[in-house]
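Structure first, then comments.
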Amino acid sequence: MPNRRTFLKLSAASAAAPLLNWSPAASSASPARRPVVVSTWNFGEAANEAAWTVLQQDDGYVLDAIEKGVGRIEADPEIHTVGRGGRPDASGTVTLDACVMDEHGRYGAVAALERILHPAAVARRVKDDSPHSLLVADGALRFARAQGFEPQDLLTDEMDAAWREWKEKNPDAVPDPPEANVEAQDTTSRGGAENHDTIGMLALDAQGRLGGACTTSGTAWKQPGRVGDSPLVGSGLFVDPDVGAACATGWGEAIMRVAGSHVVVEAMRHGKDPEAACREAAERVQKRSDSDNVQAGFLALRADGQAGAYGVRSGFDMAIYDEAEGNRLVSAPYLVPSAGAE
Ligand code: GLY
């Protein structure tokens with residue numbers, strides 16, 4: 001498997017498409033670049049690898065690939081921002097947010113879900129096997145159990161020890177005063193570059209079906225009940241099968257303010273290439289942010305298979321896998337350097 005890092009000057013493989021001439025209608029007349037999968041951060045390479053085992057089959061279905069890809073990260077106890085092994089909330093409980101969207105633009109999500117290893121798989125069941133789009137907390141858990149998902153302990157010894165250490169320094173953080181909690185969060189998602197956050201994945205299968213998913217344990221030591229951008233349609237993820245898909249990672253509160261993934265897709269609809277569309281969302285996050293330490297990163301996958309990425313700050317990576325160049329990690333362009341970076 002190729003494993004290399006390049007600097008993203010243009011949207012990945014964008015040279016193949018004259019972007020200013022692209023339109024949803026025109027794209028159906030030109031051959032798409034597929035299959036292709038993109039995902040956030042360096043753990044995205046392992047996720048892409050898993051997704052590719054499905055995508056490389058002619059009839060491999062996009063959401064089967066995505067569920068398998070993000071599922072690998074959800075199950076990895078060494079990744080402290082997703083699934084098992086994720087950092088808990090301020091009360092020491094691991095709670096998970098996830099959503100999926102399919103090739104018809106149908107959406108399913110869970111938020112504040114406890115004790116289920118694969119929240120993205122549950123989100124898919126919400127989409128397919130319930131009349132609803134978003135289930136939360138105990139209701140989401142009850143639904144998951146009814147669907148056959150077995151509850152299990154997601155708090156690893158390592159994260160339990162980390163939470164105890166944090167709690168010792170912040171004994172009164174929950175429920176009051178909330179300020180203490182916000183201060184603790186400053187060392188995690190807001191800085192961003194060192195915190196690998198949500199796994200967001202977008203893919204186009206060999207049949208041309210576009211889909212996406214986000215899954216996360218959210219920001220460390222969050223206020224119990226806090227839900228981030230990841231399960232919220234238009235914030236953490238948006239798929240318009242006629243145009244393209246986008247997902248987000250980073251400080252959820254800032255991404256929600258601007259409905260970041262929806263911004264990316266709408267910018268593509270109006271002719272921006274995937275990288276420029278992600279840049280537009282990053283600029284809006286920065287403009288609306290009340291902190292000078294916010295990180296957010298966006299990925300875009302257009303309906304013709306062209307991909308792009310952009311971060312508010314340096315340090316954001318896109319993992320991309322296609323037939324032409326294999327699986328590789330690409331450093332996203334950014335608006336401003338992260339604190340401490342050159
Ligand atoms: N972006 C993940 C979160 O803020 O929860």
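This one's a predicted model, so the numbers in the text were calculated from it and none came from an experiment. First listed ligand is number 1; within each ligand, the first listed atom is number 1. All residue numbers refer to positions in the sequence shown, counting from 1.
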Give yes or no for whether the N/O distance cutoff of 3.5 Å, strictly under, is met between Gly250 and ligand 1. yes

Does Phe298 have any ring-ring contact (aromatic ring centres under 6.0 Å, His included) partners at least two apart in sequence or in another chain, and if so, which? none

Run the contact test for Arg226 against ligand 1 with a 4.0 Å cut-off on heavy atoms, strictly below, and give the result. yes

Ignoring angles and geometry beyond distance, decide whether Gly228 reaches within less than 3.5 Å of ligand 1 through its nitrogen or oxygen atoms. no

Give yes or no for whether the N/O distance cutoff of 3.5 Å, strictly under, is met between Glu253 and ligand 1. no

Which atoms of ligand 1 are found less than 4.0 Å from any heavy atom of Gly218? 5 (O)

Heavy-atom distances under 4.0 Å decide this one: backbone, side chain, both or neither, for Asp97 against ligand 1? neither

Using a strict 4.0 Å cut-off to heavy atoms of Thr198, name the atoms of ligand 1 that fall inside it. 1 (N), 2 (C)

Can you confirm, on distance only, whether ligand 1 has an N/O atom lying under 3.5 Å from any N/O atom belonging to Thr249? no

Within a reach of under 6.0 Å around CD of Glu165, are more than 12 heavy atoms found that belong to other residues, nucleotides or ligands? no

Give yes or no for whether the N/O distance cutoff of 3.5 Å, strictly under, is met between Asp229 and ligand 1. yes

Within the 3.5 Å criterion, strictly below it, is a donor on Thr219 or Trp251 matched to an acceptor on the partner's side chain? no

Which ligand 1 atoms does Asp197 reach within 4.0 Å, using its non-hydrogen atoms? 1 (N), 2 (C)

Students often mix this up, so state it plainly: with edges at 30° and 60°, are the rings of Trp166 and Trp221 parallel, tilted or perpendicular? parallel

Considering the heavy atoms of Ser230, write down every atom of ligand 1 situated less than 4.0 Å from one of them. 1 (N), 2 (C)

Show every salt bridge (charged side-chain N to carboxylate O under 4.0 Å, His left out) that has at least one partner inside residues 202-211, sequence neighbours left out. Asp205-Arg209

Side-chain H-bond candidate by donor/acceptor type, Ser291 with Asn293, under 3.5 Å: no

With a 4.5 Å limit on heavy-atom distance, are the side chains of Gln56 and Val54 in contact? no

So which atom in Val37 and which in Trp52 form the shortest heavy-atom distance, rounded to 0.1 Å? CG1-CE3, 4.1 Å

